[in-house]
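Notes for the one structure printed next.
Side-chain atoms are counted along with the backbone in the values below, which use heavy atoms only and exclude waters and symmetry mates. In this chain, numbering begins with 1 at the start of the sequence shown.
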Amino acid sequence: MTLLDAALVLYRRGWLAMPLEQDANGFPKRPIVSGWTGLERTEAVIRSLPWERAKGLGIVLGAASSCLACLDVDDTELPWAMLDALGYETRHLPRAVRTIRRRGHIYVQELDGPSPSTRFAVRWRDREITIELKAAGTQVAA
């Protein structure tokens, strides 16, 4: 499956995907297209993006993707402990994934409209861990 094919699958779910290029650390996390926050979620727009240059796929969060948001947990263990504590089995959560750095993204659909993004730190197992709710006006590498 190509990145464009994957973007079209996400489009059918109500989400807007866009092509990413590598950031300064070599990870495919940076949007290729400037003005991506104003992209419309249409099949024509998705097909018109420069997928041939893409190194990865990003999902535009907030209203453009039906109020999709993502808890970005900067730890390799805490995201899965959070899900376990809530009584979820990871295999039954298709919207919980390991990132390229083996950390966690937990995707949620906001019911009351898109929230502003927010970041906070928690202390867990003697470590300070950053958790970010990525929502309106942000994107996440998928």
Side-chain angles (χ1 to χ4, degrees), residues 1-122 124-125 127-142:
M1 177 179 285
T2 68
L3 291 173
L4 172 57
D5 292 335
L8 293 171
V9 167
L10 296 177
Y11 166 73
R12 289 182 200 99
R13 288 187 182 175
W15 304 343
L16 175 60
M18 65 176 172
L20 300 177
E21 61 188 356
Q22 292 175 327
D23 66 10
N25 296 316
F27 294 109
K29 293 177 127 186
R30 185 173 44 213
I32 292 175
V33 179
S34 61
W36 59 268
T37 57
L39 288 174
E40 292 184 49
R41 188 183 70 224
T42 68
E43 185 171 340
V45 166
I46 292 166
R47 288 183 180 279
S48 73
L49 298 173
W51 293 101
E52 68 282 353
R53 295 180 18 219
K55 301 296 184 199
L57 180 143
I59 300 175
V60 179
L61 301 170
S65 290
S66 307
C67 296
L68 185 68
C70 178
L71 284 170
D72 183 355
V73 184
D74 285 343
D75 189 75
T76 58
E77 298 173 11
L78 181 56
W80 322 115
M82 290 167 57
L83 293 172
D84 287 344
L86 293 171
Y88 293 105
E89 293 184 31
T90 305
R91 69 177 177 269
H92 296 299
L93 266 181
R95 294 184 184 155
V97 298
R98 287 192 196 280
T99 67
I100 196 166
R101 291 180 165 168
R102 305 199 48 78
R103 296 173 180 174
H105 281 173
I106 302 169
Y107 292 92
V108 295
Q109 203 82 39
E110 297 187 279
L111 300 177
D112 295 329
S115 297
S117 293
T118 207
R119 178 185 304 225
F120 56 94
V122 298
W124 187 71
R125 293 191 177 169
R127 299 191 304 262
E128 187 168 294
I129 299 166
T130 300
I131 299 176
E132 183 176 6
L133 173 65
K134 296 180 78 72
T138 64
Q139 63 91 24
V140 65

- Sidechain-backbone polar pair: Thr99 side chain, Arg101 backbone, donor-acceptor under 3.5 Å: yes

- Message: Test your reading of the model: is there a side-chain donor-acceptor pair from Thr118 to the backbone of Leu133, 3.5 Å cut-off?
- Response: no

- Message: Using 0.5 Å steps for rounding, measure from the CZ atom of Phe120 to the CD1 atom of Ile131.
- Response: 4.5 Å

- Between Met82 and Val73, is a side-chain contact (heavy atoms from CB on, under 4.5 Å) present by the stated rule, with each step listed? CA-CA 10 Å; Met82 290 167 57; Val73 184; 4.1 Å; yes

- Message: With a 4.5 Å cut-off on side-chain heavy atoms, are Cys67 and Leu111 touching?
- Response: no

- Query: Heavy-atom distance under 4.5 Å between the side chains of Leu4 and Leu49, does that happen here?
  - Reply: no

- Message: If we ignore hydrogens and angles and just use 3.5 Å, is the side chain of Asn25 paired with the main-chain N or O of Phe27 as donor and acceptor?
- Response: no

- Query: Do the non-hydrogen side-chain atoms of Ile32 and Leu20 ever get within less than 4.5 Å of each other?
  - Reply: no

- Message: Please determine whether side-chain contact (heavy atoms from CB on, under 4.5 Å) holds for the pair Leu16 and Leu68, giving the CA-CA distance in whole Å, both sets of side-chain angles, and the decisive distance to 0.1 Å.
- Response: CA-CA 10 Å; Leu16 175 60; Leu68 185 68; over 6 Å; no

- Rounded to the nearest 0.5 Å, how far apart are CG of Leu71 and CD of Glu132? 10.0 Å

- Message: How about CZ on Arg127, more than 12 heavy atoms from neighbouring residues, nucleotides or ligands closer than 6.0 Å, or not?
- Response: yes

- Query: To the nearest 0.5 Å, what is the distance between CG (Asp74) and CZ (Arg103)?
  - Reply: 5.0 Å

- Taking all non-hydrogen atoms of both residues, which atom of Ser65 and which atom of Ile59 are closest, and how far apart? OG-CG2, 4.0 Å

- Item | Smallest separation among heavy atoms of Val33 and Pro19, with atom names | CG2-CG, 4.5 Å

- Task: Please collect all side chain to side chain donor-acceptor pair (under 3.5 Å) contacts where either partner lies in residues 28-42, sequence neighbours excluded, each pair once.
- Result: Glu21-Arg30, Arg41-Ser66

- Quick note, side chain to side chain donor-acceptor pair (under 3.5 Å) partners involving residues 133-142, not counting sequence neighbours, are none

- Message: Please give me the minimum heavy-atom distance between Leu57 and Ala7, naming the atom from each residue.
- Response: CD1-N, 3.7 Å

- Task: State, to 0.1 Å, how close Pro114 and Ala136 come at their nearest heavy-atom pair, and which atoms those are.
- Result: CB-CB, 4.0 Å

- Message: Could you walk me through whether Thr2 and Trp51 satisfy the side-chain contact (heavy atoms from CB on, under 4.5 Å) test, starting with their C-alpha distance in whole Å, then the side-chain angles of each, then the deciding distance to 0.1 Å, before giving a yes or no?
- Response: CA-CA 9 Å; Thr2 68; Trp51 293 101; over 6 Å; no

- Query: Closest heavy-atom contact between Ile46 and Ala17?
  - Reply: CG1-O, 4.3 Å

- Under 3.5 Å, is there a donor-acceptor pair between the side chain of Asp84 and the main chain of Ala81? no

- Message: Please enumerate all residues that pass salt bridge (Lys or Arg N to Asp or Glu O under 4.0 Å) together with Arg12, with sequence neighbours excluded.
- Response: none

- Trp80 side-chain N/O to Gly104 backbone N/O, donor-acceptor pair under 3.5 Å: no

- Message: With heavy-atom distances below 4.5 Å as the criterion, would you say the side chains of Val97 and Tyr107 are in contact?
- Response: yes

- Message: Among Leu61, Leu10, Val60, exactly one meets side-chain contact (heavy atoms from CB on, under 4.5 Å) together with Trp15. Which residue is that?
- Response: Leu10

- Once you round to the nearest 0.5 Å, how far does NE2 of His105 lie from SG of Cys70? 4.5 Å

